[in-house]
Amino acid sequence: MTPQDPAAADETPLGTDGQPLADRGANRSQLGRTQNFVEYVTSGWGPRTSAPVERAAVADFTAARRSALSAHFPGARLVVPAGTFKVRSNDTDYRFRPHAAFVHLTGLGMEQEPDAVLVLHPVEDGTGDDGSAHTAVLYMSPMAGRDTPEFFSDARYGEFWVGARPTLEDVATSTGIRTAHLDDLRDALAKDVGTGGVELLVVRESDPTVEAVVEEIRATEEAGERDDRLAEALSELRLVKDAYEVEQMREAVTTTIDGFAKVVRALPDALAHRRGERVVEGTFLGHARQEGNYVGYETIAAAGEHATTLHWTDNDGAVRPGQLLLLDAGVEVDSLYTADVTRTLPVDGTFTDVQRRVYQAVLDAADAGFAAAVPGARFRDVHEAAMQVIAARLEEWGLLPVSAAEALLPQNQHHRRWMVHGTSHHLGIDVHDCAQARAQMYLDGVLEPGMVFTIEPGLYFKADDLLVPEEYRGIGVRIEDDVLVTADGNENLSAALPRDPDAVEAWMASLRA
């Protein structure tokens, strides 16, 4: 379960020179590894110094989340891996991001903590954490000693290469969760598992090594459905955000709005570059890395016709005068909560008449969605409210082959030709949060205070769409805001970013002044 020193590997197949092929990718970390070097590099180090570690503000909230999960699975052992590195190219990895369920239950964000595994061990009723049916233990690889090969030779985990891991004690203090060495994981998972014993459940598709160990221990194919129920429960646990999560969402949205302002200021540079969309993308990415952890998803910086492609992330096109720029972007803050905001901006700072007409239709649809997003309504009501406006406007423009009322019938949906996506999705640690929740809890779920989701209608008229007049072709508009359901209605978390077309123009002019 622990990282293997490349020099100690004994794997096949071997290359023609006798060196295991799996070792060759690590050749850069094995240069000059003589005995004298090893003795010298592992000696002469002063004591480590580090700032005192305190209990994190999120720790009380994560304890409550674990207790809520525990109530669904009495008697079962629950295994929630952080996940591991994923190779990008040869021996270089993608930036590590822990699994959303792990983050939600531990509070460990940013790039913490690869290979770690949270386990909720079942105990006698009422004797677990805070009186729950489980005791949580976080299994992880602690900081390696400077006298170990990992310290200087392991390019993925070694302190000399990537910095020091935290100690078990430090993680226990910050998270409020008991910690243990990752080497102890297998025995801990296997305890009392068997016929009539403890049921072992795992979050799948997060860490293949951990999943394989679990499968070996339980040696039954019947657990798959219960694994699915664990995934559902973990998603549904995030449908209603607690106070800490709402605070993080506010921070993510505020930081995102600042990034949109930077993009507007960078539009002259985008206009001057052959890949102006990349200028837009890079501006926002730089802001996200400076002020947060990363972007919450690949930025969509779509100018002109590219705005009619829903997930245009190539961002390799020019930005030209007279076009609209559809910017769909979100900052992911250090806790890994992300915003998801879209504005469609006139590159010149002023909408043309037809651009404004399409924009206003989308804005009216969004406003209808907001009016429907109240406690007691169903999640799908938001989409249906927006679609009524979209269909009515398309009928008004003479684009529908039937009336709006006929188009809205379930068996027809003609209006969806120009808006094929849904109007809303839940938002949080994942940009499409709670995605494994059951339909009755998501699409048909009743809105409750604390839910956070997007409202994002759009209209997309492709340049080769022969069913619309030429003046509409090549225009794509989406307006997306992040909404918090409150006790008496809702709050637009991204309201500080102008939405009204006049306000958008005035805002852009003020930033360019």
Side-chain angles (χ1 to χ4, degrees), residues 94-95 97 109-111 248-304 306-320 323-349 425 427-433 454 456 458 476-482 492-499 503-505 507-512:
Y94 287 102
R95 188 180 303 279
R97 187 183 189 278
M110 293 190 288
E111 297 182 50
Q248 294 304 300
M249 293 302 303
R250 291 187 188 279
E251 179 184 342
V253 170
T254 297
T255 310
T256 295
I257 291 172
D258 292 341
F260 272 68
K262 287 185 178 179
V263 166
V264 172
R265 294 189 183 101
L267 281 178
D269 291 337
L271 282 161
H273 198 281
R274 74 184 190 284
R275 286 184 168 181
E277 292 174 340
R278 293 276 172 95
V279 174
V280 171
E281 176 189 358
T283 299
F284 192 87
L285 174 60
H287 171 75
R289 285 295 286 162
Q290 291 167 25
E291 306 300 332
N293 180 62
Y294 204 60
V295 288
Y297 52 96
E298 293 298 324
T299 297
I300 298 169
H306 289 164
T308 68
T309 299
L310 301 183
H311 284 174
W312 176 259
T313 56
D314 287 354
N315 301 335
D316 59 357
V319 176
R320 297 187 174 92
Q323 290 182 331
L324 294 176
L325 171 70
L326 191 157
L327 177 60
D328 186 334
V331 172
E332 175 187 86
V333 293
D334 291 350
S335 61
L336 302 190
Y337 287 82
T338 184
D340 181 5
V341 177
T342 305
R343 289 294 183 268
T344 305
L345 308 172
V347 172
D348 291 339
H425 60 79
L427 184 64
I429 296 174
D430 289 336
V431 65
H432 296 147
D433 210 29
T454 65
E456 50 174 313
V477 173
R478 182 163 64 250
I479 303 170
E480 179 179 18
D481 287 287
D482 302 339
N492 183 354
L493 298 177
S494 45
L497 190 60
R499 303 166 73 244
V504 169
E505 291 176 349
W507 171 70
M508 293 182 69
S510 70
L511 292 172
R512 290 173 160 182

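Owing to the predicted nature of the structure, the values given are computational and were not obtained by experimental measurement. Throughout, residue positions are numbered sequentially from 1 according to the sequence presented.
For S510 (side chain) and W507 (main-chain N/O), a donor-acceptor pair under 3.5 Å exists by modelled atom type. Side chain of E277 to main chain of A303: a donor-acceptor pair is present (N/O by atom type, distance under 3.5 Å, no hydrogens or angles).
When every heavy atom of M249 is checked against every heavy atom of T338, the shortest pair comes out as CE-O, 3.1 Å. Taking both residues in full, the closest heavy atoms of P346 and L324 are given as CA-CD2, 3.8 Å, listed atom of the first, atom of the second, then distance. Nearest heavy atoms, A301 versus N315: N-OD1, 3.1 Å. In terms of heavy atoms, G476 sits closest to A307 at O-CB, 3.7 Å. Contact between T344 and R478 at its shortest, heavy atoms only, is OG1-O, 2.8 Å. Across L493 and R250, no two heavy atoms sit closer than the pair CD2-NH1, 3.6 Å.
Donor-acceptor pairing under 3.5 Å is lacking for the side chains of T256 and D258. The closest side-chain donor-acceptor pair between E291 and T255, if any, does not fall under 3.5 angstrom.
Residue R320 holds its CZ atom at 13.0 Å from CG of D348, rounded to the nearest 0.5 Å. Here L327 contributes atom CG and E281 contributes atom CD; the two are 10.0 Å apart, rounded to the nearest 0.5 Å. For the atom pair T313 OG1 and L310 CG, the distance stands at 11.5 Å (nearest 0.5 Å). Between the CG atom in D433 and the CG atom in D340 there is a gap of 11.0 Å [rounded to 0.5 Å].
A 4.5 Å side-chain heavy-atom check between F284 and V331 finds at least one atom pair inside the cut-off. Two residues are said to be in side-chain contact when any heavy atoms from C-beta on lie closer than 4.5 Å; D328 and Y297 meet this criterion. Taking 4.5 Å as the limit, every side-chain heavy atom of E456 sits out of range of all side-chain heavy atoms of D481. Two residues are said to be in side-chain contact when any heavy atoms from C-beta on lie closer than 4.5 Å; R275 and V279 fail this criterion. Residues S494 and R499 fail the side-chain proximity criterion, which asks for heavy atoms closer than 4.5 Å.
For Y294, there are no side-chain hydrogen bond (donor to acceptor under 3.5 Å, both in side chains) partners at least two apart in sequence or on another chain. Under the rule for a ring pair (Phe, Tyr, Trp, His ring centres under 6.0 Å), the partners of W312 that lie at least two apart in sequence or sit in another chain are H306. For D482, the side-chain hydrogen bond (donor to acceptor under 3.5 Å, both in side chains) test picks out no residue, with sequence neighbours left out. Applying the side-chain hydrogen bond (donor to acceptor under 3.5 Å, both in side chains) test to E332 and every residue at least two apart in sequence or in another chain returns R97, N293. For H432, the ring pair (Phe, Tyr, Trp, His ring centres under 6.0 Å) test picks out H425, with sequence neighbours left out.
Salt-bridge check for R278 with D314: failed, with every basic side-chain N at 4.0 Å or more from each acidic carboxylate O.
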With a 3.5 Å cut-off and sequence neighbours excluded, list the donor-acceptor pairs that the side chains of residues 259-272 form with protein atoms.
residue	atom	partner	partner atom	Å
K262	NZ	H287	ND1	3.0

- Stepwise, does the side chain to side chain contact (heavy atoms under 4.5 Å, CB included) test hold for T299 with L285? CA-CA 8 Å; T299 297; L285 174 60; 5.8 Å; no
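No more than 12 heavy atoms of other residues, nucleotides or ligands shown are found within 6.0 angstrom of CD on E298.
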